[in-house]
Amino acid sequence: MEILRVNDLRVYFETGRGPVKAVDGISFGLNRGETLGIVGESGSGKSVTALSIMGLAQKIGARIVSGEIWYDGENLLGQPHAYRKVRGKKISYIPQEAGPALNPVLRVGKQLGEMLAAHLGLSAREVRIRTAELLEKVELPDPHLVARLYPHQLSGGILQRVLLAIALSCSPDIVIADEPASSLDTTIQAQILKLLRAIKEREGLSVILVAHDLGVVYQNCDRILIMYGGRIMESGPTRQVMENPFHPYTVSLLETYRYLEDGMQQHEPVKRCLPPSSENVPHIPGCIFAYRCLMARETCFFKNPSFLKLNDERTVSCHHLLR
Amino acid sequence: MRSFKTFIRIAFTVKPLLLGGLLVAFLCSVSFLAPIITSTDPAAQNLAASLNSPGEKWIFGTDALGRDVFSRVIYGSRISLTVAVSVTSFSLIAGAVLGTMAGYLGGLVDSVIMRVSDVFLSLPALLVAMILMAFLGPGTSNLIIVFIIIYGPVFARLIRGQVISVKSMPYIDAARISGASALGLITKYILPNCISPILAFTAMTIGDFIIAETALSFLGLGVQPPEPSWGLMLADARNYLFSAPWLMIFPGLAVMLTVLGFNLLGDGLGYLLNPKQHKRIGVIHGNTES
Amino acid sequence: MKEQGLIQVKNLSKTFTVSGWLKAKNNIEAVQDVTFFLKSGETLALVGESGSGKSTVGRIILGLVKPSAGEVTYRGVPIHSLKGDRLRAYRKAVQAVFQDPHSSLNPRMRIGDIIAEPLYNFGYRGELRKRLGYLLEVVGLSADFADRYPHQCSGGQKQRVTIARALAAEPEAIILDEPLSALDITIQTQIITLLKGLQAEHQISYLLITHDLRAVKAMADRVVVMYKGSIVETATTEQFFCCPGHTHSRALIDAIPVIGGLQSRKDII
């Protein structure tokens with residue numbers, strides 16, 4: 001059953017040289033209790049998608065051009081006030097970095113408590129109990145000590161746990177995690193992801209995990225969307241997509257990944273993955289990946305491929321499969 | 001740097017920059033073109049035409065000595081600008097030298113320079129200016145010297161802070177590894193990267209100088225008669241506040257517009273050069289990468 | 001000592017003292033008694049979590065930080081006593097590439113001037129423009145990049161620029177401090193290929209400071225593992241990945257997110 005539905009979302013940045021299409025017409029659903037991975041390289045629009053769902057796209061100067069975000073029988077994009085009931089309560093967000101997310105002059109426990117008091121209207125006593133409970137839930141070694149410290153006194157790993165506690169504070173239905181702990185050590189990252197997974201199972205959350213690391217996605221997600229240039233290239237159950245990819249982009253991404261994972265020993269397949277051009281891609285009516293795709297033919301440049309449903313779960317957007 | 005066209009576009013996007021720029025440009029051209037704008041000598045007295053109200057012959061009226069207020073306001077911009085620009089540039093240079101030394105070298109040099117500047121900063125600027133002026137004697141050049149002594153430490157402190165923050169950037173380490181000398185580090189890496197907030201601040205302080213010059217001249221400690229300074233004109237106007245209000249209104253308006261112009265320009269520059277706004281402005285002119 | 005190496009790090013220690021007006025002095029021992037060597041033409045990986053002191057070791061070798069005890073020698077000469085021309089010669093020989101390509105480029109300089117900086121400073125005798133073109137070509141950037149500013153380049157391109165800058169000095173060793181962690185995986189493989197190619201051609205030694213074991217596997221000949229300021233294991237890359245000798249090494253290896261293989265999802269849950 002779908003808990004969240006995104007239809008034809010388009011988010012543009014207005015620039016002097018015309019709009020930059022950060023997200024260009026994507027549609028997907030999030031099922032209750034699943035972890036959905038949104039994968040892509042930088043500039044693929046994955047973070048903008050996450051922020052748009054949170055209703056925060058305007059904060060980074062983006063404009064939602066069109067689209068619908070359905071949650072609990074309501075189109076959130078339709079009503080400006082709808083988000084007030086939902087954001088931070090029913091749908092919460094874990095940012096990539098703790099630094100900008102926490103107030104440096106307030107103790108961690110106080111910040112968490114203020115969130116609880118504001119959103120849930122708890123009394124001082126309830127707040128204290130709930131704060132301790134939340135910090136325990138994210139498996140902090142000494143929650144009482146952490147609650148009394150300031151953000152700068154805590155390590156990156158602990159701060160990520162605090163952010164997780166804040167995200168969980170109002171018992172949300174959906175947690176959107178934007179590259180959690182990806183700037184930290186791999187050991188810490190693994191711990192945080194494991195914790196997120198455990199909490200998700202226990203509380204029956206639905207999670208959207210934004211990531212660029214295919215390994216992270218493989219280990220954490222039930223279903224994935226592969227994004228490129230603001231569009232979805234391929235989607236489906238993680239195992240199926242990773243083990244039997246159809247889209248040339250997914251294929252090349254996986255090949256590169258495996259190549260690196262194996263220590264880049266065999267002869268390089270890197271030529272398959274041409275460097276992404278930093279130049280603004282001229283507006284092409286066709287497939288956004290065409291200029292990088294080794295299999296591109298003439299049609300690819302002129303006609304945007306529609307989505308092909310391979311089975312109940314998998315969709316691919318590529319002309320080669322439409323034949 | 002960027003093309004002229006983009007610059008113009010940014011100027012229009014950042015409204016204070018445009019307004020401030022226009023006001024300041026207007027002011028500069030007025031003071032340059034003063035002899036063309038008005039043919040009347042600002043010091044020429046005509047007691048027969050004393051205290052004429054604004055009209056066809058004298059658009060801003062005349063003062064007690066029959067001098068043309070319009071001509072005096074126009075020529076007054078020259079004095080205000082001279083004082084403001086020379087004070088700014090000299091105290092900026094002094095501040096840059098001291099601030100860079102303090103920030104770059106740190107340690108004892110830093111402590112000494114900063115404590116001395118703290119002493120200057122802790123005293124009320126106008127009071128210090130009055131005492132020093134009384135000591136040095138009135139006059140335009142002394143006025144400039146006093147302002148440099150007062151505002152130099154302000155710039156030194158500001159620049160020191162900038163230098164310290166830039167010094168910790170990884171590209172400074174990278175430059176060291178690339179073999180840059182201390183002088184090269186300062187001139188090519190540190191100063192160019194501190195300049196933006198300083199520039200914005202400078203434009204704002206120009207407004208302060210103009211007010212301070214006006215105030216000191218008003219008190220008789222600054223520019224001396226018969227030179228047409230706005231402050232002097234205001235001081236003279238005091239006695240005719242009710243009988244000839246134009247004597248107060250026009251120089252006052254000139255001071256206000258000038259200060260407003262420089263403040264807007266400073267605001268606009270601050271907005272434009274603030275890294276936090278980069279993304280926004282970047283989006284406006286198309287640098288969406290990184 | 002028999003195996004002298006190009007750069008030898010001997011019993012290096014670094015203690016940072018944190019003191020405030022009212023607080024008691026607090027000593028942080030970032031590096032404790034670290035000894036290793038870097039041979040000519042090899043890649044040595046210095047691996048550890050953040051806070052393990054690995055970056056401090058790199059900064060000491062680069063002469064940006066003074067050690068509290070111990071020394072770094074380059075071809076047998078202690079580097080922290082070098083002055084003037086000999087210091088310049090050392091700087092020329094040991095270059096660096098940092099983690100964040102964005103902040104390690106001066107935003108006010110054009111790419112061409114950035115890359116030419118070591119050429120000016122180390123007194124390159126030749127035609128600058130030609131050398132610049134060559135360096136850009138080597139790192140896979142077109143010649144028109146010389147006129148761009150850093151903000152007009154992507155992350156991968158900026159990292160190529162920092163590599164070109166390091167190469168401009170014709171170094172014998174490059175300290176690579178997390179050179180890949182800010183980049184996409186596709187770009188990572190490109191940069192690794194580039195670095196390996198350069199090493200094969202010019203016999204440059206790399207000291208790869210990283211927590212990313214995938215890069216280690218792809219690049220390093222030998223691995224030194226640091227934990228809380230000390231070295232806990234030194235091994236060849238093969239040894240390290242097949243049978244790590246220290247529990248911390250094991251933990252590092254286990255944390256690599258892999259697709260399939262040993263660590264399938266079921267094993268973890």
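Residue numbers begin at 1 in each chain, while the letters A, B, ... track the order of the sequences.
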Enquirer: With sequence neighbours left out, what residues match B/Lys188 under salt bridge (Lys or Arg N to Asp or Glu O under 4.0 Å)?
Expert: C/Glu117
Enquirer: Quiz question: by atom type and distance under 3.5 Å, do the side chains of C/Lys158 and C/His102 form a donor-acceptor pair?
Expert: yes
Enquirer: Between B/Arg157 and B/Asp118, is the closest basic N to carboxylate O distance under 4.0 Å?
Expert: yes
Enquirer: Are B/Phe155 and B/Phe201 close enough that their ring centers fall under 6.0 Å?
Expert: yes
Enquirer: So which part of C/Arg88 gets closer than 4.5 Å to some heavy atom of chain B, the side chain, the backbone, both or neither?
Expert: side chain
Enquirer: With chain B, which of C/Pro107, C/Ala96, C/Pro171, C/Gly63 has the greatest number of heavy-atom pairs at distances under 4.5 Å?
Expert: C/Pro107
Enquirer: Taking side chain as everything from C-beta outward and backbone as N, CA, C, O, which of these in C/Leu105 sits under 4.5 Å from a heavy atom of chain B? Side chain, backbone, both or neither.
Expert: backbone
Enquirer: Quick one: side chains of residues 124-140 of chain C, donor-acceptor pairs under 3.5 Å with protein atoms, not counting sequence neighbours, listed by atom name and distance.
Expert:
none

Enquirer: Is C/Val97 close to chain B through its backbone or its side chain, or both, or neither, when contacts mean heavy atoms under 4.5 Å?
Expert: neither
Enquirer: Considering only heavy atoms and a distance below 4.5 Å, find which of C/Arg165, C/Arg91, C/Arg59 pairs most often with chain B.
Expert: C/Arg91
